[in-house]
Amino acid sequence: MSSYDIERYLNIRSAYGASFGPDGERLSFLLDTTGTPQLWTLEEPRGWPEQRTFYEERVTFASWSPERPELIFGMDEGGNERAQLFRLDAETGAIENVTAMPEAKHRWGGWSHDGDRFAFTSNRRDESVFDVYVQNRDEVGSDAELVSEGDGWLSLSGWSPDDSRLLVSQAYSNFDQDLSVLDLETGDREHLTPHDGDVRYQSANWAPDGEGLYLVTDEGEADTLYLAYLDLETGDLEPVVDDEWNVDGIALDDETGRFVYSENVEGYTELTVGEFDAADPTAFETFPEPDLPGGVSGGVTFGPDAERIALSTTGDAVHTNVFVVDVETGATERWTDAPTAGVPPESFDESNLVHVESFDDLSVPGFFTLPDDHEPGTTPVIVDIHGGPESQRRPSFSSVKQYFLDRGYAYFEPNVRGSSGYGAEYASLDDVEKRMDSVADIRACVEWLRDHPAIDPDRIVAKGGSYGGFMVLAALTEYPDLWAAGIDIVGIANFVTFLENTGDWRRELREAEYGSLAEDREFLEEVSPINNIENIDAPLFVLHGENDPRVPVGEAEQIAERAAEQGVPVRKLLFEDEGHGFSKLENRIEAYSAIADFLDEHV
């Protein structure tokens, strides 16, 4: 049995989402010490933080004004993802809802450099599309100015250095985007990235002179994302960094030209800190690499004058905290002190990167972790499958994983075909008609586990959330003899009903990955686990949030009902105040306590 119960593990806290105040003396960050992420501020490393928001709902981000002691933060209600924007006066503590339209989604687009205005995109006008809005800092609700109507999934990548233009991104799928520049005086949008086929243009930033952009892209049929400079006058795209691995993104200070870009090397983060040459936008110098614990870092933000950066870092055995780095020297200092609830950090287990050969000789990477004191041939294992599907399991901290490791389970986290981080070709190997090839990768991983000397081949569990929930259900129906139990969290049971009922703003994006209702309906029905439910044999636990705007709760209800009709041991647990996942501590405790009990009974 575990040395600590699940409640103790779920009380291990995370600090992330840092932002420097305009004076550079204060740092804001998100911390879930109250059970849901709230906004806190801190004035010195490892000092006593001040809690700034006190809600039962999660705060999703916070951004300081560049000129005033105030922040904008985002928060939805009950996991419905219809985020509202709030302004916090950091001196008085007063908070005001500045969007005040609870039926619409609001996607943050950043402060103007003078701090007088902010921008966002929202589906206020039409639920299925996003428009661009600009709002004065002291305005509320309908005072916002609609500056450009959209026709799809629009987001913003920041104001130009002179605040006259906004950089707009439009996503057609996770692997196809366009960029345009919106002139705020004329309302004209200039298309910057005409292309054929799927091309990614991501993580775009204005160059300091406003005459170009830095971004990551795979234009030119590159397999991985590379860092490039786009000249706005000529339209020329010049590579800046083009290595073997994906450049995940770049953070750039548009006053100094200082930057941080990250490469994703088999799931581990490698950071490069430097400064672009003012005379040659593709030339740069680099500074010493910061020495950070763990293997995964992100959320980079610059302080005033770009002398420091703040970011969060994590690892298998390193819970998430915020660090501040001196740009020129690489000197690193931990600022936050998120508690571990009395669980000794030295007890956390680290994973090993492994590769499994699949049915067609494809090498499938994954992270495999064995518990301490395991005995040969007796160790149960949880195969935890990520969502997305174009996501990637990385060696970051998971209190749930550490809990089950402490209980004696091994943990296997595969990145089957379709995962991001390994190139465009690998990510496309599960598209539409190739969907079930990724499920066959799971079978290959299980066969690898069954041959492992530590693993009990009769005690293998499938667990996954969202698209990973579909993978669990598909694995249980396609390969029923491999599994001792399945845990489906907010998963897709029926692609047809999922696409019919998901949020209007998401349908086109999801059809680009899974297939369309108009053209691929027969195939979608064929691969939906609900239509192969007669094959299921293993006990099944289905968990879902009733407010889920992505995968409607009907997916959970139908699979639980149909599996029970087959005589399968089924448990269903729904949360009325959650959406796509479980954000509230009391719900997480209930959910994972129930999962642990379920596995105790059946595994």
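- One finds a salt bridge joining Asp441 and Arg417 here, because a Lys/Arg side-chain nitrogen approaches an Asp/Glu carboxylate oxygen to under 4.0 Å.
- Phe302 places a side-chain heavy atom less than 4.5 Å from the side chain of Val260.
- For the 3.5 Å distance criterion, the side chains of Asp349 and Thr369 fail to qualify, holding no donor opposite an acceptor.
- Remark: the backbone N or O of Ala171 is not paired with any side-chain donor or acceptor of Trp153 at under 3.5 angstrom.
- Between Lys463 and Asp384, at least one side-chain N (NZ, or NE/NH1/NH2) sits under 4.0 Å from a carboxylate O, which counts as a salt bridge.
- Here the side chain of Asp223 pairs a donor or acceptor atom with the backbone of Glu425 at under 3.5 angstrom.
- Between the side chains of Ser169 and Gln177, no donor N or O sits under 3.5 Å from an acceptor N or O.
- Counting heavy atoms from C-beta outward, Leu156 and Val168 have side chains that approach closer than 4.5 Å.
- Donor-acceptor pairing under 3.5 Å is lacking for the side chains of Arg58 and Thr36.
- With hydrogens and angles left out, the side-chain atoms of Glu289 and Thr272 include no donor and acceptor closer than 3.5 Å.
- Thr224 and Trp245 form no side-chain donor-acceptor contact under 3.5 Å, judged by distance and modelled atom types alone.
- Judged by distance alone, with hydrogens and angles left aside, the side-chain atoms of Asp406 form a donor-acceptor pair with the main-chain N or O of Ser3 at under 3.5 Å.
- For Phe276 and Tyr229, the ring centers are positioned 6.0 Å apart or more.
- Formation of a donor-acceptor pair under 3.5 Å by the Trp159 side chain with backbone atoms of Gly110 is found in this model.
- Looking only at distances, a side-chain donor or acceptor of Ser19 sits under 3.5 Å from a matching main-chain atom of Trp64.
- Side-chain contact of Tyr172 with Asp178: a donor-acceptor pair under 3.5 Å is present, judged by distance alone.
- Between the side chains of Asn415 and Tyr422, at least one donor-acceptor pair of N or O atoms lies under 3.5 Å.
- Between Arg82 and Asp76 there is no salt bridge, since no side-chain N of the basic residue sits under 4.0 Å from a carboxylate O of the acidic one.
- Side-chain atoms of Val273 and Pro290, non-hydrogen and from C-beta on, do get closer than 4.5 Å to each other.
- Ring orientation note: the planes of Phe284 and Tyr261 are nearly perpendicular, at an angle over 60° on the 30°/60° scale.
- The pair Asp337-Arg334 counts as a salt bridge, with a side-chain nitrogen and a carboxylate oxygen less than 4.0 angstrom apart.
- The cationic atom of Arg393 (NZ for Lys, CZ for Arg) does not lie both less than 6.0 Å from the six-membered ring centre of Phe367 and within 45° of the ring axis.
- Ring centroids of Trp108 and Phe61 are separated by less than 6.0 Å, placing the two rings close together.
- Side-chain contact, Asp32 with Ser14: no donor N or O sits under 3.5 Å from an acceptor N or O.
- Between Glu56 and Lys584 no salt bridge is recorded (no basic side-chain N to carboxylate O distance below 4.0 Å).
- Tyr467 and His386 have their aromatic ring centers separated by at least 6.0 angstrom.
- Here the side chain of Thr336 pairs no donor or acceptor atom with the backbone of Ala338 at under 3.5 angstrom.
- A donor-acceptor pair under 3.5 Å is absent between the side-chain atoms of Asn246 and the main chain of Asp248, judged by distance alone.
- Counting non-hydrogen atoms of neighbouring residues, nucleotides and ligands closer than 6.0 angstrom, the CG atom of Asp291 reaches no more than 12 such neighbours.
- Using modelled atom types, one finds a donor on one side chain and an acceptor on the other under 3.5 Å when comparing Asp253 with Thr256.
- Side chain of Ser203 to main chain of Ile250: a donor-acceptor pair is present (N/O by atom type, distance under 3.5 Å, no hydrogens or angles).
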**OP:** Take Glu238 and Thr282 through the test side chain to side chain donor-acceptor pair (under 3.5 Å) and record every step on the way to the result.
**Re:** CA-CA 7 Å; Glu238 299 179 73; Thr282 63; 4.7 Å; no
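- When each of His355, Gln392, Arg394 is checked for a side-chain contact (heavy atoms from CB on, under 4.5 Å) with Glu266, only His355 meets the rule.
- One side chain, Asp316 or Ser351, offers a donor N or O that lies under 3.5 Å from an acceptor on the other.
- A salt bridge is defined here as a Lys NZ or Arg NE, NH1 or NH2 lying under 4.0 Å from an Asp or Glu carboxylate O, and Glu44 with Arg46 fails to meet this definition.
- Residues Leu215 and Leu230 are in side-chain contact: their nearest non-hydrogen atoms beyond the backbone lie under 4.5 Å apart.
- In terms of modelled atom types and a separation under 3.5 Å, the side chain of Arg8 and the main chain of Thr340 share no donor-acceptor contact.
- Open room surrounds CD on Glu221; 12 or fewer heavy atoms of other groups in view lie less than 6.0 Å from it.
- Less than 6.0 angstrom separates the ring centroid of Phe412 from the ring centroid of Trp448.
- In this structure, Thr314 contributes its side chain and Ser312 its backbone to no donor-acceptor pair below 3.5 Å.
- Side-chain contact, Tyr592 with Arg588: no donor N or O sits under 3.5 Å from an acceptor N or O.
- Between Glu219 and Arg200 no salt bridge is recorded (no basic side-chain N to carboxylate O distance below 4.0 Å).
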